[in-house]
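Please read all numbers here as calculations on a predicted model, not as lab measurements. We use all heavy atoms of the structure for the numbers below, so side chains are in, but hydrogens, waters and symmetry mates are not.
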Amino acid sequence: MTPVTQAYQFALDPTTEQDAALRSHCGGQRYAFNWGLARIKANLGQRDAERSYDLPDTELTPSLSWSAYSLRKDWNQAKNEAAPWWGENSKEAYSSGLANLATALGNWDASRTGKRRGPRIRFPRFKGKRAGLSCRFTTGAFGLAAADRRHVKLPRIGTIRTHESTRKLARHVERGAARIRSATVSFRRGRWFVSLSVEITRDDPTPTRPDTAVGVDLGVKSLAVLSTGEVIANPRHLDVALRELRRLQRQAARRVGPDKRTRRQPSARWRKTQARVARLHTAVANARRDGLHKLSTRLVRTFGTVVVEDLNVAGMTKNRRLARHIAGVGMAELRRQIEYKAAWSGVHVHVADRWYPSSKTCSACGVVKAKLRLSDRVYTCDQCGFTLDRDLNAARDLAALVGVVTGGDGDELRRDSPMETHVRPALRGRRVLPREDPQGQRPYCKERAQDTVVHVS
């Protein structure tokens with residue numbers, strides 16, 4: 001039994017007064033964020049201006065601390081003048097905005113100084129009224145309502161009805177196996193949601209085949225191809241809904257929409273059509289997420305080791321011909337689900353390096369092709385003549401990275417070492433030598449393989 005932090009999300013059904021209160025709290029969060037950002041930005045600008053006059057650092061205007069504690073302290077001293085109406089909302093609304101600002105500034109500073117990996121993060125920007133509505137509560141009376149299992153309670157807002165029952169979480173809380181740490185309300189897809197961050201002790205079942213590994217090769221033609229030979233079809237939820245989506249968007253174009261220049265308000269028909277478009281997008285997203293959850297849960301509960309690829313999804317979506325199809329698969333989301341569910345069940349997740357040639361490598365003898373076109377859907381080895389589906393061959397190569405795997409025919413394939421790139425059938429008596437290219441160059445060596453394998457557990 002492992003204690004983990006898990007989120008439980010429920011759709012809310014607020015009354016008109018509660019909807020106004022939720023929007024007021026989210027507006028207070030946005031106001032506090034912008035207030036703190038304006039102070040920090042003015043201080044940094046003043047110091048830069050003074051530095052341009054060659055003033056020493058000791059004579060510059062003192063810098064302001066952007067820690068969450070310092071921002072809250074400054075807000076409490078200035079809130080009566082900056083926001084005389086602050087008492088209408090819970091203090092958590094303003095603390096949430098200042099905490100988000102502290103996190104954003106910290107990420108920007110770490111990215112600027114090289115302490116944070118990844119692309120450069122820009123300086124935080126002010127939030128407009130059209131930004132996403134959200135607010136987090138960490139103190140006060142929040143959580144599940146004691147009256148029944150169809151309500152949640154929030155500070156200053158009261159008890160709000162939920163669209164679905166909260167009995168699953170309530171049972172964990174009643175027997176002491178879960179503790180609610182925070183509640184975050186957000187307005188997305190035309191509906192209010194509350195996400196409860198829960199510290200819970202999970203008792204997930206062990207996988208049914210703990211000694212086997214499976215390679216997962218993701219794609220567009222098929223959602224995933226497993227090293228066992230199973231092919232999970234791509235449901236293409238977005239492609240199915242495109243016809244209806246085009247019809248609704250053409251209908252919205254014929255309605256009277258908003259105009260920022262003349263401040264024209266949209267018509268009721270335009271709002272109704274936009275609501276239908278939002279519901280269609282929500283249905284597509286929910287169907288995609290449901291399929292990914294079912295697949296990731298089945299993999300984690302079946303195999304002891306799951307091998308996935310480190311795909312550059314952001315780079316792949318830059319291809320305008322494939323961007324919509326790649327985004328509709330949800331490759332990064334599937335990997336994220338596999339990783340956190342594997343941590344709950346004690347399953348090992350092995351992430352192959354981004355440059356590992358899984359598609360070009362022969363799963364029988366280990367020879368790597370120099371070139372392999374995307375249109376070549378059947379892999380044919382030039383060394384041993386082995387022929388197999390391209391995606392299944394890649395899935396077997398991925399599974400072979402971690403040692404013992406099971407193929408579709410039931411035969412076990414082994415590696416002499418987890419870092420070696422050649423495989424040999426376990427039932428045969430001869431040993432397959434490390435591969436060499438036709439020019440007699442040094443084979444794909446162990447040192448290179450060690451540099452291109454990343455372990456995530």
Would you say the side-chain atoms of [X] pair up with the backbone N or O of [Y], donor to acceptor, closer than 3.5 Å?
X	Y	value
S296	I338	no
T361	P357	yes
S345	V347	no
R202	Q6	no
R288	G328	yes
S24	A20	no
S52	A49	yes
T162	R150	yes
S222	A224	no
D19	T15	no

What's the spacing between [X] [atom1] and [Y] [atom2] if we round to 0.5 Å?
X	Y	atom1	atom2	result
T317	H325	OG1	NE2	13.0 Å
L55	R47	CG	CZ	11.0 Å
F187	L133	CZ	CG	7.0 Å
I40	L101	CD1	CG	7.0 Å
L401	S358	CG	OG	8.5 Å
H348	F303	NE2	CZ	15.0 Å

Determine the minimum heavy-atom distance between [X] and [Y], stating which atoms define it.
X	Y	value
V300	K341	CG1-O, 3.6 Å
Q29	S96	CG-OG, 3.8 Å
A183	L196	CB-CD2, 3.5 Å
R298	T302	O-OG1, 2.6 Å
V277	L248	CG2-CB, 3.6 Å
L398	G215	CB-CA, 4.2 Å

Practice task
Evaluate side chain to side chain contact (heavy atoms under 4.5 Å, CB included) for V198 paired with R179, printing each intermediate quantity in order.
Solution key: CA-CA 6 Å; V198 181; R179 180 175 66 89; 5.9 Å; no
For the pair [X] and [Y], find out whether any cationic side-chain nitrogen is under 4.0 Å from an anionic carboxylate oxygen.
X	Y	value
D13	R191	no
R167	E174	no
R335	D310	yes
E164	R149	no
E333	R336	yes

Handout entry: For F126, all residues meeting ring pair (Phe, Tyr, Trp, His ring centres under 6.0 Å), sequence neighbours excluded
Key = none
Exercise for the section: Please list, chain by chain and in numerical order, all residues satisfying ring pair (Phe, Tyr, Trp, His ring centres under 6.0 Å) with Y94, sequence neighbours excluded. Expected result: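 Partners of Y94 under the ring pair (Phe, Tyr, Trp, His ring centres under 6.0 Å) test: W75.
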[X], [atom1] atom: more than 12 neighbouring heavy atoms under 6.0 Å:
X	atom1	value
R125	CZ	no
E81	CD	no
W108	CH2	yes
K41	NZ	no
R23	CZ	yes
R51	CZ	yes
R175	CZ	yes
R269	CZ	no

Sub-4.5 Å side-chain heavy-atom contact between [X] and [Y]:
X	Y	result
V194	F137	no
R188	S186	yes
F142	P155	yes
V308	V306	yes
L22	L154	yes
L322	M316	no
E309	R354	no
I200	P3	no

Can [X] and [Y] be counted as having a side-chain donor-acceptor contact under 3.5 angstrom?
X	Y	value
W86	N80	yes
K272	S267	no
R116	N107	yes
R289	N286	yes

Sequence neighbours left out, what passes side chain to side chain donor-acceptor pair (under 3.5 Å) with [X]? Give chain and number order.
X	value
H151	D148
W35	none
D217	none

Practice task
Only pairs at least two apart or in different chains count here, so list each side-chain hydrogen bond (donor to acceptor under 3.5 Å, both in side chains) that has a residue in residues 248-257.
Solution key: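 Applying side-chain hydrogen bond (donor to acceptor under 3.5 Å, both in side chains) to every pair that reaches into residues 248-257, excluding sequence neighbours, yields Q251-T273.
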Handout entry: Full working for side chain to side chain contact (heavy atoms under 4.5 Å, CB included) between F123 and L37
Key = CA-CA 10 Å; F123 191 79; L37 180 58; 3.7 Å; yes
Handout entry: Working for side chain to side chain contact (heavy atoms under 4.5 Å, CB included), residues L105 and T103
Key = CA-CA 6 Å; L105 290 171; T103 301; over 6 Å; no
Problem - Test log, rule ring-ring contact (aromatic ring centres under 6.0 Å, His included), inputs W85 and Y31 - result: CA-CA 11 Å; W85 41 262; Y31 184 88; 5.1 Å; yes
Exercise for the section: For the pair L299 and L226, evaluate side chain to side chain contact (heavy atoms under 4.5 Å, CB included) and give the outcome as yes or no after the intermediate values. Expected result: CA-CA 10 Å; L299 292 176; L226 308 184; 3.9 Å; yes
